[in-house]
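One structure is given here, and the rest of the page talks about it.
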2 protein chains.
Amino acid sequence: MTEATTTANTDAPASRSSRDKLLASALACFDEHGLTGMTIEQIRRQANSSIGSLYHHFGNREGLIAALFLQLLDDQLAWSRTAIDAATTPYETLHALIHGYLDWVTHHPVEARFMYAARSEVARGENAAALKEKNRQRIGLLLAVLKAGIKSGSIRSLPPETFASLLVGPSENYCRAWLADRVQGKPVAHADVFVDAAWRAISATPCE
Amino acid sequence: MTEATTTANTDAPASRSSRDKLLASALACFDEHGLTGMTIEQIRRQANSSIGSLYHHFGNREGLIAALFLQLLDDQLAWSRTAIDAATTPYETLHALIHGYLDWVTHHPVEARFMYAARSEVARGENAAALKEKNRQRIGLLLAVLKAGIKSGSIRSLPPETFASLLVGPSENYCRAWLADRVQGKPVAHADVFVDAAWRAISATPCE
DNA sequence: ATTAATTCTAGAATATTATTCTAATATGAC
DNA sequence: GTCATATTAGAATAATATTCTAGAATTAAT
């Protein structure tokens, strides 16, 4: 579903593996019925697959949800990876991070809605460790940049565990609101507002 | 469960209605097994109730979850209501709002975890309207204060639909991280950081 | 190419869980 | 007390997840 949603797939539909079709089908069923409403039978039928095949690939319902979640998480990180790696200053890093996040959600609303809905279940299930590891990588990368900024004086000293929340908290909150139809403007349309707010929150000299 | 967690209940346990016992039991089962893992049978047994009673009060599983969610939402709003009403300036309002939120989550971790987990399901179920109405009330109150602030020049002009995210986004994000054991410090311990960040985000003169 | 090992698919059988349904019991109004 | 209504009970049923066994496809080795 990664490929299918991000690019026009040049391969014939039949070339998509059974596993991928099941993941794509799970996402579609989630969109239609919600996380608790979607059933194994629906997913299996829409993927033209069998119960046996589904359980062979994913073990159980939770495994299917976790697999979809982790794949989407990789997608999301890859989306802004290039821009983040190209950034040289803390501000550029922050800009790439937030803009990339807002942009990904704007272009993948169903995927994002699924991730918000599934995260807490994944975090307590069998694959909790895999999720924690990916989180640590992301946070580690970010904290390194910020600590350098603190030393150089461009970023003020704050409790390290609050940095991530200050940076992406407003963006995440707005994305959730958008996906729940509580606000109308696409997330990426407010990128400047959220980048600016993040910079004000952590910059030593926000008014210059 | 509301009473039980916020105050020492002076009534005898038997005085608690069957409905309330079911709600309390649902919360406990959620804590132990997660939203998708908790079963009607578990909830019924822990509440010393019957299947018929449960369905009489809540209609179905979704109704039970929604009832618990909406009750906790009222709890949460009431928690900081006094402080918010007492506030006279935009900064005081903002302070009361954020501090109250962080304080409630800190003192009601299980309830908060449940709310984060259940919100998206409630938002698409039968009780979506009830949730939307409560949200509108909260947002409306807030926007009134902010618009007055913009007119008086103390708050800068921003897209109205981004205000709520700028104010509570970081706090909410941090609370989720805390409840998922990704950070250690209690949310309310960082209240100053988040109040300050919110003020920087929306103030016309953050550096004075 | 043939065999053997492995992976994958199928779907009936089973187990688990949610929900319905009917009857009985309490509660409150008059 | 009698009626009406609300509540409780739990067996019966329906919906759903999971297991299990067998067979088909694929791969690797010779």
Side-chain angles (χ1 to χ4, degrees), chain A residues 1 11-69 71 114 117-118 121-122 124-127, chain B residues 1 11-69 71 114 117-118 121-122 124-127:
Chain A
M1 153 264 346
D11 299 336
S15 74
R16 191 195 263 171
S17 75
S18 166
R19 190 175 186 278
D20 287 348
K21 278 200 288 188
L22 283 164
L23 288 172
S25 175
L27 185 63
C29 289
F30 162 79
D31 190 32
E32 193 170 356
H33 302 105
L35 194 63
T36 57
M38 73 187 193
T39 71
I40 297 289
E41 170 60 19
Q42 287 163 8
I43 296 167
R44 176 208 69 74
R45 185 175 36 214
Q46 185 159 344
N48 269 314
S49 188
S50 67
I51 297 176
S53 192
L54 192 153
Y55 278 86
H56 169 74
H57 286 298
F58 303 107
N60 56 23
R61 192 189 138 98
E62 175 190 308
L64 169 59
I65 290 169
L68 179 54
F69 180 89
Q71 172 174 332
F114 172 82
E121 292 296 325
V122 175
R124 56 170 300 139
E126 294 286 331
N127 302 78
Chain B
M1 148 263 347
D11 300 336
S15 75
R16 190 196 263 173
S17 75
S18 165
R19 190 174 186 279
D20 287 347
K21 277 199 288 187
L22 283 164
L23 288 172
S25 175
L27 185 63
C29 289
F30 162 79
D31 190 32
E32 193 171 354
H33 302 105
L35 194 63
T36 58
M38 73 187 192
T39 71
I40 297 290
E41 171 58 21
Q42 286 163 6
I43 296 166
R44 177 207 69 72
R45 184 175 36 216
Q46 185 159 343
N48 268 314
S49 188
S50 67
I51 296 175
S53 191
L54 191 153
Y55 278 87
H56 169 74
H57 286 298
F58 303 107
N60 55 24
R61 193 188 136 99
E62 174 190 308
L64 170 60
I65 289 170
L68 180 54
F69 181 89
Q71 173 175 329
F114 172 82
E121 292 295 325
V122 175
R124 56 170 302 140
E126 295 286 330
N127 302 77

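Chain letters run A, B, ... following the sequence lines, proteins first, then strands; residues in each count from 1.
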Using whole Å, what does the distance between atom C1' of nucleotide C/dT17 and atom CZ of B/Arg45 come to? 13 Å
So, is B/Ser50 near the phosphate of D/dA9, with a side-chain N or O under 4.0 Å from OP1 or OP2? yes
Going by ring pair (Phe, Tyr, Trp, His ring centres under 6.0 Å), name the residues that satisfy it together with B/Phe58, two or more places apart in sequence or in a different chain. none
Integer-rounded Å distance: D/dT7 P and B/Lys21 NZ: 15 Å
Paired with B/Thr36, the side chain to side chain donor-acceptor pair (under 3.5 Å) test is passed by just one of A/Glu121, A/Arg124, A/Arg61, A/Glu62, namely A/Glu121
Flag the pair B/His57 / B/Leu54 as yes when at least one side-chain heavy-atom distance between them is below 4.5 Å, and no otherwise. no
D/dT8 phosphate, OP1 or OP2, under 4.0 Å from B/His57 side-chain N/O: yes
Specify the separation, in whole Å, of atom CD1 of B/Ile65 and atom C1' of C/dT17. 14 Å
What integer distance in Å separates A/Arg44:CZ from C/dC8:C1'? 16 Å
With a 4.5 Å limit on heavy-atom distance, are the side chains of B/Cys29 and B/Gln46 in contact? yes
Is there a side-chain contact between B/Phe30 and B/Ile65 (heavy atoms, below 4.5 Å)? no
Shorter than 3.5 Å, N or O on both sides, protein versus nucleotides 12-19 of chain D: list them out with atom names.
{"residue": "D/dA17", "atom": "OP1", "partner": "A/Arg61", "partner atom": "NH1", "Å": "3.1"}
{"residue": "D/dA17", "atom": "OP2", "partner": "A/Ile40", "partner atom": "N", "Å": "2.7"}
{"residue": "D/dT18", "atom": "OP2", "partner": "A/Tyr55", "partner atom": "OH", "Å": "3.0"}
{"residue": "D/dT18", "atom": "OP2", "partner": "A/Arg61", "partner atom": "N", "Å": "3.0"}
{"residue": "D/dT18", "atom": "O5'", "partner": "A/Tyr55", "partner atom": "OH", "Å": "3.4"}

Report the distance from atom CG of B/Leu22 to atom P of C/dA18, rounded to the nearest whole Å. 14 Å
Enter the distance from B/Leu68:CG to B/Ser25:OG here, rounded to the nearest 0.5 Å. 10.5 Å
Between B/Leu54 (CG) and C/dC21 (P), how many Å, whole number? 17 Å
For A/His56 and C/dT9, is the shortest distance between a side-chain N/O and OP1 or OP2 below 4.0 Å? no
